[in-house]
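The block underneath contains the structure these notes are about, expressed in structure tokens.
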Amino acid sequence: MEQYSVKGMSCAACSARVEKAVKGVPGVKECAVSLLTNSMGVDGDAKPEDIIDAVVKAGYKASLMNGKTQQEPEDETGTLLKRLLISLCILLPLMYVSMGHNMFGFPLPSFLAGGLANAVTQAVLSLVVIIINRKFYISGFRGAIHKSPNMDTLVAMGSGVSYAYSVVYTVVQTLNGHSEHMVHGLYFESAAMILVLITVGKTLEARSKGKTTDALKSLMKLKPMVATRVTVDENGKEIEKIVGVSEINVDDIFAVKPGESIPVDGVVVSGNSAVNEAALTGESIPVDKEEGDPVSAATINQTGYIKCRATRVGNDTTLSQIIKMVSDAAATKAPIAKLADRVSGIFVPTVISIAFVTFIIWFAAKGFTEPGYALERAISVLVISCPCALGLATPVAIMVGNGVGARNGILFKTAASLETAGRTQIVALDKTGTVTTGEPVLTDLVPAEGVSEEELLRLAYILERKSEHPLAKAVVKYFEAKDNALCDENVEDFEILPGSGLRGKYKGKELIGGNAAYLKKGIAWESLMAGDASKKADELSKAGKTPLLFAYDGKFLGFIAVADKIKDESKEAIEELKAMGIRVVMLTGDSENTAKAIADLAGIDEVIAGVTPDIKATTVNKLKEQGKTAMVGDGINDAPALTTADSGIAIGAGTDVAIDAADVVLVKSRLTDLAAAIRLSRITLTNIKENLFWAFIYNIIGIPLAAGAWIPLFGWEMNPMFGAAAMSLSSFCVCMNALRINLKNIYKH
């Protein structure tokens, strides 16, 4: 999906207009416009020039962002605040002149006491406020000209009609010789007050919108600006030079001193250190790094001096990908926003029509004697209606929810994925690397009679150290961690027998290891399975462990059991999911015995074992028929199932293929974050519904009240200035409600 920056939008009607215009371009499959970040995501094969041209014809500006460094969301708070303060300095004397003397008896200079002088003074002061806030008029009339009226059109009409009516009224009354008492029929102060009050709301809205994007801004500020590049001169001497991060290319060597930020993703080539990765994972405990270990941009080197080789630079770094995910999610639309989008598209024309009908009805009801009263009702309708609240209801909650997720290592790729995760009813879990660690560990040592544990382990190590098999690595790792005086003996004539085991010569005698079928050929089977050995091996197999049998010079040494251990937090996470009313199923390609043993340890009741990648996807499809299904995995073999599921959730330490196929990424690789992701999605969904309810109910109640629908029954009527004040606060309330998501504990059980 290509990303565009869109300029000139002021409300939901604008974003709806842009979206409609771009969707009409041949080749565009999908388009989502974000009013919050002034961005647009477009999917399809349409040319960027055609898309930009469609936006321009709709009355706005657009530019392609793809390939560029992400920019911080624009914050207009400072500009609006300056405009507001200047406007208030003009508005205060205007209110004093227009209302202070007549309503409260405040003294006025004699030359202002006359009706005409007072009216002219009000007209001039109001005009200054209009000029200061001319952006409403420019945007509003541009929208009207392009047949896409927006919120600014309503404001400009309300203010402009008030001012124009007052000018005409002044001229007519002066020509008729009634200028002394005409100040009571003027609306100059309303023309100015409407603009000032809307600017108050815009300022508050900009401030609160700015807070909703704080997480994205914080991520962007983490980006390092410089790096120490290491080169070698013609004499073989290393030269360190500080350069801009953009000058670092893949395979360049860079140095990082203690306390410095790692500039790009890379691999340590020399040195060792402890690196604080809290910026990416949220974990405050530093991670030890040595030669061969990966490092990520924006993490902090805390102790040692290290040199690294760059592997990912620019927008390919982990940090940049995280920023892109958060930013892209804000530029997409959640399905729940569709109703608000449809309403926003017709909102402004509908309000203008209601205002016109309101004027006609009250003009006729008053017997054509009080045009000012009918005008007041119509202006109230124009300035109280607020399409912005509708347009912001979903994106502000999505942005805050995404920010909370990013701070906790939970990344939602789109707004739709954030919404869908909260509707999850069934979770399908891959076993290896998701429920388990994915790294087999040695669990049991069972020496034969007359053989010590130390001898069994030492001979197993000598044989297994030459193998790259994961089970062999478990034996090697255990021995090296246990025995400080490492064994440096080796076997000769080493041979790997796929599907069977290993063999080699140690001190001229044969040393073998592997499964029982292989060992049958090398030693007396009766001695191999004597006593409780056979029974113990069966028990370990049923417990999901793999027995590795060893023999030396025809004598059975015993066996070592290796197993893929479940993660420490798996059982807690699965209990949490069940408590949330979610059905948990484990999918694995392992045998039934191994799968059931792991499932029992993790507390999973349903197991589907022996499934291939394509069968995993088919199984997920069947689960989808029973409810909204999320698939959680980490491997290449999980990619088809992740794509098939309603929500594909990748464990962050997994493969790039799995992460690319997923909708949600759990950066910390913790299964407990799965429950937190679903809980965060539910919290965000609830917040969106609250925002939409507020936005709809505000307009449903406010517009009839402004139109005077309740005057015949209860005498309730609204001054245009109160309508403007209400409108200015509506969007602010929606944004502030979204910010409440920050206060929620997504790990609360």
Side-chain angles (χ1 to χ4, degrees), residues 290-292 432 436-565 589-591 593-594 597:
E290 57 186 21
E291 189 175 333
T432 307
T436 65
T437 61
E439 290 186 18
V441 294
L442 191 152
T443 58
D444 300 89
L445 278 167
V446 186
E449 188 175 343
V451 180
S452 67
E453 286 190 0
E454 289 74 15
E455 183 182 4
L456 169 62
L457 183 60
R458 185 178 63 84
L459 290 171
Y461 170 76
I462 291 171
L463 181 64
E464 297 282 8
R465 69 191 298 185
K466 286 198 170 187
S467 171
E468 291 297 320
H469 194 281
L471 299 182
K473 287 182 177 180
V475 175
V476 171
K477 187 175 181 180
Y478 182 86
F479 178 86
E480 291 181 346
K482 182 181 177 67
D483 197 331
N484 292 325
L486 297 181
C487 176
D488 58 0
E489 297 177 284
N490 285 302
V491 293
E492 297 174 351
D493 299 330
F494 177 77
E495 186 180 1
I496 297 174
L497 304 167
S500 298
L502 311 169
R503 64 165 297 281
K505 294 274 187 173
Y506 174 63
K507 293 184 178 181
K509 298 174 183 179
E510 190 169 49
L511 175 62
I512 60 175
N515 58 34
Y518 170 54
L519 262 72
K520 268 186 185 181
K521 302 172 185 176
I523 59 174
W525 188 245
E526 292 75 17
S527 65
L528 166 64
M529 302 311 287
D532 294 329
S534 177
K535 182 179 178 183
K536 182 68 175 176
D538 287 341
E539 288 175 357
L540 291 170
S541 294
K542 289 177 181 177
K545 300 176 182 180
T546 302
L548 303 175
L549 289 74
F550 295 89
Y552 178 57
D553 193 23
K555 177 187 175 184
F556 177 52
L557 294 173
F559 55 85
I560 294 173
V562 177
D564 187 5
K565 289 183 67 177
D590 276 350
S591 65
N593 279 346
T594 301

Between Phe559 and Leu456, the two heavy atoms sitting closest are O-CD2, 3.8 Å
Would you call Leu463 and Val475 a side-chain contact if the rule is heavy atoms closer than 4.5 Å? no
Between Glu489 and Arg458, does any NZ, NE, NH1 or NH2 come within less than 4.0 Å of an OD or OE carboxylate oxygen? yes
Roughly how far, to the nearest 0.5 Å, is the NZ atom of Lys477 from the CG atom of Leu442? 12.0 Å
Any non-hydrogen side-chain atom of Tyr461 less than 4.5 Å from a side-chain atom of Val476? yes
So which atom in Leu502 and which in Ser467 form the shortest heavy-atom distance, rounded to 0.1 Å? CD1-CB, 4.0 Å
When every non-hydrogen atom of Glu455 is compared with those of Ser452, the smallest separation belongs to N-OG, 3.1 Å
How about Lys466: does its NZ atom have over 12 heavy atoms from other parts shown lying under 6.0 Å from it? yes
Separation of Leu457 CG from Leu557 CG (nearest 0.5 Å): 11.5 Å
Fit a plane to each ring of Tyr552 and Tyr506, take the angle between them on a 0 to 90° scale, and name the class: parallel (under 30°), tilted (30 to 60°) or perpendicular (over 60°). tilted
Work out which heavy atom in Gly450 is nearest to a heavy atom in Lys555; give both atom names and the distance. O-NZ, 4.4 Å
Ile560 side chain near Tyr478 side chain, heavy-atom distance below 4.5 Å: no
Mind listing the closest non-hydrogen atom pair of Ala563 and Thr443 along with its distance? CB-CG2, 4.0 Å
Would you say Asn490 and Arg465 make side-chain contact, with heavy atoms under 4.5 Å? yes
I need the Phe494 CZ to Glu464 CD distance, nearest 0.5 Å. 7.5 Å
